[in-house]
Amino acid sequence: MTTTVQPQAARPGMAVWKAVLLILPIALLSSSQWLPAVLSGQAEPAQAVAFPVAYLAFFVVFVLMLSTGKTHRYRSVLFMAFAVSLPLDFIPWMIKTTGSMMLSESSIYSAGASFCPLTMPMIIIPALLKRIVIFPGELLPAAAHGAFSTMFIIWVGASLATGRGWCSWGCFYGGWDELFSRLRRKPVIQHKQIDRRWIYLPFAVLLAIVLLSAVTLSPIYCTWLCPFKTITEFAAPSSLLAIVQLVIFVALFLGLVVVLPLLSRRRIQCGLFCPFGAMQSFLNKINIFEVRIDPEKCTECKRCIRECPTFSLDESSLQSGKPLITCTKCAQCVDSCPKGAVSYHIKGTSLRANPAVARTLFLVPAFLLMGLLGPGMVAQGLSRIVKLIITGSML
Ligand code: SF4
Ligand code: SF4
């Protein structure tokens, strides 16, 4: 019996030296956040080790992404690394600043809580109608972690540049979902067993929390539903209400971020629940980059449908050549298509107008986003580990 080996389609990689030249400005820009402190000796010893290591690793991986043409493989490594690093730094910072991961109302204000971009859809109506920001974070960048002004600028820039690409390139929580979705080689729950109509749930959650937050003037999603409270901070369980909320956070984290992704090999929180992701889906409409399928190259093997971690491809996508509105531009389908039929594309140009150029043009803002947020987070997390080894404490 003879086996026919299908040739892999050529990948749109570039020469290593070109990749290095392309990311050098981003590397220099983001290194300016820590290099002066390290060179002047003001950084702690653990940070002086961790920052150069983390930044170098980030940029080496990005050079590999550009030069090999494998976008998803390397994006995923960076995405997971910076999501896991967030609590490694944030939790010790919280404990050092407030004494606990559990916040009292006064410590939320006195410690200058970090602003979370997931609150963005909830603050818009109250900000417009009442001229208040209904999240008790710092407005200006005085806190050690994100202030509202910083996060707002990053979110607007990232949304204009990548649309829902935020969810696979900038969200410092999404990497947890991705991590657990990649731990098993084969799914226990097959993609066909999950009803596709669940992809509309995030839009319903979005509508509900926007309206309820406007009525109650409080960030309802943060107060009741955010699974990531489990790995950042939460209200001290000193009342029945706070205990119920904590149980909900933990249950949602275990269910949507750990167990279901593990069993289905899908990003369940990102694809089927997150209201911030639903809002970003609308921003895909104003973003010039998209993922497209070339119907003339596609053999309808449906591998991309099986691989998409957010249920953003179905049979209709193969006919229309377009993923659904929920596409996070993660490139898993791009990497996995054996015919090279899926690629990044610039709206308004011919489908075959040099996909390698479209890919490079998308990757520059995507990596700017990831390169500005990620390496610093990884470096801080790494420096906490180095500190633990040297001093026996992460604080
Ligand atoms: S786009 Fe590629 S992976 Fe998807 S069905 Fe067509 S040939 Fe298969
Ligand atoms: S359609 Fe492709 S790029 Fe979009 S989310 Fe699915 S796998 Fe990622």
Side-chain angles (χ1 to χ4, degrees), residues 30-61 77-116 137-138 141-147 172-180 182-183 226-238 242-243 246 249-250 253-254 257-258 370-395:
S30 80
S31 299
S32 65
Q33 296 172 45
W34 56 272
L35 198 55
V38 169
L39 292 179
S40 64
Q42 289 174 331
E44 292 179 15
Q47 290 179 327
V49 174
F51 270 85
V53 170
Y55 274 76
L56 187 64
F58 243 77
F59 292 111
V60 166
V61 173
V77 171
L78 300 179
F79 192 53
M80 292 187 291
F82 90 88
V84 171
S85 300
L86 171 77
L88 279 180
D89 178 47
F90 191 83
I91 292 173
W93 176 76
M94 282 290 298
I95 292 172
K96 192 173 178 181
T97 313
T98 70
S100 167
M101 269 180 84
M102 295 174 274
L103 292 175
S104 63
E105 196 171 333
S106 63
S107 67
I108 290 175
Y109 290 95
S110 63
S114 304
F115 187 82
C116 174
E138 294 267 310
H145 290 76
F172 32 76
Y173 298 126
W176 280 92
D177 211 11
E178 182 151 344
L179 172 71
F180 286 105
R182 300 199 66 188
L183 286 183
C226 180
F228 298 109
K229 287 273 177 191
T230 313
I231 54 165
T232 54
E233 86 292 309
F234 43 82
S238 51
I243 292 170
L246 182 56
F249 298 145
V250 174
F253 181 75
L254 292 177
V257 182
V258 180
M370 199 177 238
L372 287 178
L373 292 174
M377 229 171 256
V378 173
Q380 294 287 12
L382 202 57
S383 67
R384 296 280 182 188
I385 294 172
V386 174
K387 210 170 183 176
L388 178 67
I389 295 167
I390 297 172
T391 67
S393 166
M394 292 177 89
L395 304 186

Using residues 43-54 as the side-chain source, report each donor-acceptor pair under 3.5 Å to any protein atom, sequence neighbours left out, with the distance given to one decimal.
{"unit_1": "Glu44", "atom_1": "OE1", "unit_2": "Lys387", "atom_2": "NZ", "d": "3.0"}
{"unit_1": "Gln47", "atom_1": "NE2", "unit_2": "Gln380", "atom_2": "OE1", "d": "3.2"}

Exercise for the section: Mind checking side-chain contact (heavy atoms from CB on, under 4.5 Å) for Val61 and listing every partner two or more places apart, or none if nothing turns up? Expected result: Tyr74, Leu78
Practice task
Apply ring pair (Phe, Tyr, Trp, His ring centres under 6.0 Å) to Phe180 and list each qualifying residue two or more places apart in sequence or on a separate chain.
Solution key: none
Fill in the blank from the handout: Note: Lys96 and Leu395 closest approach over all heavy atoms is CD-C, 4.1 Å
Problem - Results of side-chain contact (heavy atoms from CB on, under 4.5 Å) for Leu88 - residues two or more places apart only - result: Ile385, Met394
Exercise for the section: Locate the shortest heavy-atom distance separating Pro87 from Trp176; write the atom from each residue and the value. Expected result: CG-CZ2, 3.5 Å
Exercise for the section: State whether the side chain of Thr391 and the backbone N or O of Leu388 hold a donor-acceptor pair below 3.5 Å, judged by distance alone. Expected result: no
Problem - Close side-chain approach of Thr230 to Leu254, heavy-atom, < 4.5 Å - result: no
Practice task
Give, for atom OH of Tyr173 and atom CD1 of Ile231, the distance between the pair rounded to the nearest 0.5 Å.
Solution key: 7.0 Å
Exercise for the section: For Phe58, check ring pair (Phe, Tyr, Trp, His ring centres under 6.0 Å) against everything at least two apart and list the hits. Expected result: none
Exercise for the section: Kindly compute the distance separating CE (Met370) from CZ (Phe82), expressed to the nearest 0.5 Å. Expected result: 5.0 Å
Practice task
Enumerate the residue pairs fulfilling salt bridge (charged side-chain N to carboxylate O under 4.0 Å, His left out) with a member in residues 46-56, sequence neighbours excluded, ordered by first and then second residue.
Solution key: none
Completion exercise
In terms of heavy-atom contacts, Lys229 and Phe234 come closest through O-CD2, 3.3 Å
Exercise for the section: Would you please name every residue forming a side-chain contact (heavy atoms from CB on, under 4.5 Å) with Pro237, sequence neighbours left out? Expected result: Met102, Ile243, Leu246
Problem - Atom pair CZ/CZ of Phe90 and Phe228 - distance to nearest 0.5 Å - result: 14.0 Å
Practice task
For Leu56, enumerate each residue passing the side-chain contact (heavy atoms from CB on, under 4.5 Å) test, keeping only those at least two apart in sequence or located in another chain.
Solution key: Val60
Problem - Minimal non-hydrogen separation, Gly175 against Ala83, with atom names - result: CA-CB, 3.5 Å
Practice task
Just jot down the side-chain hydrogen bond (donor to acceptor under 3.5 Å, both in side chains) partners of Ser238, sequence neighbours excluded, or say none.
Solution key: none
Completion exercise
Looking only at heavy atoms, the pair that brings Met377 and Ser85 closest together is O-CB, 3.4 Å
Exercise for the section: Report the residues that fulfil ring pair (Phe, Tyr, Trp, His ring centres under 6.0 Å) with Tyr55, sequence neighbours left out, ordered by chain and then residue number. Expected result: Trp34
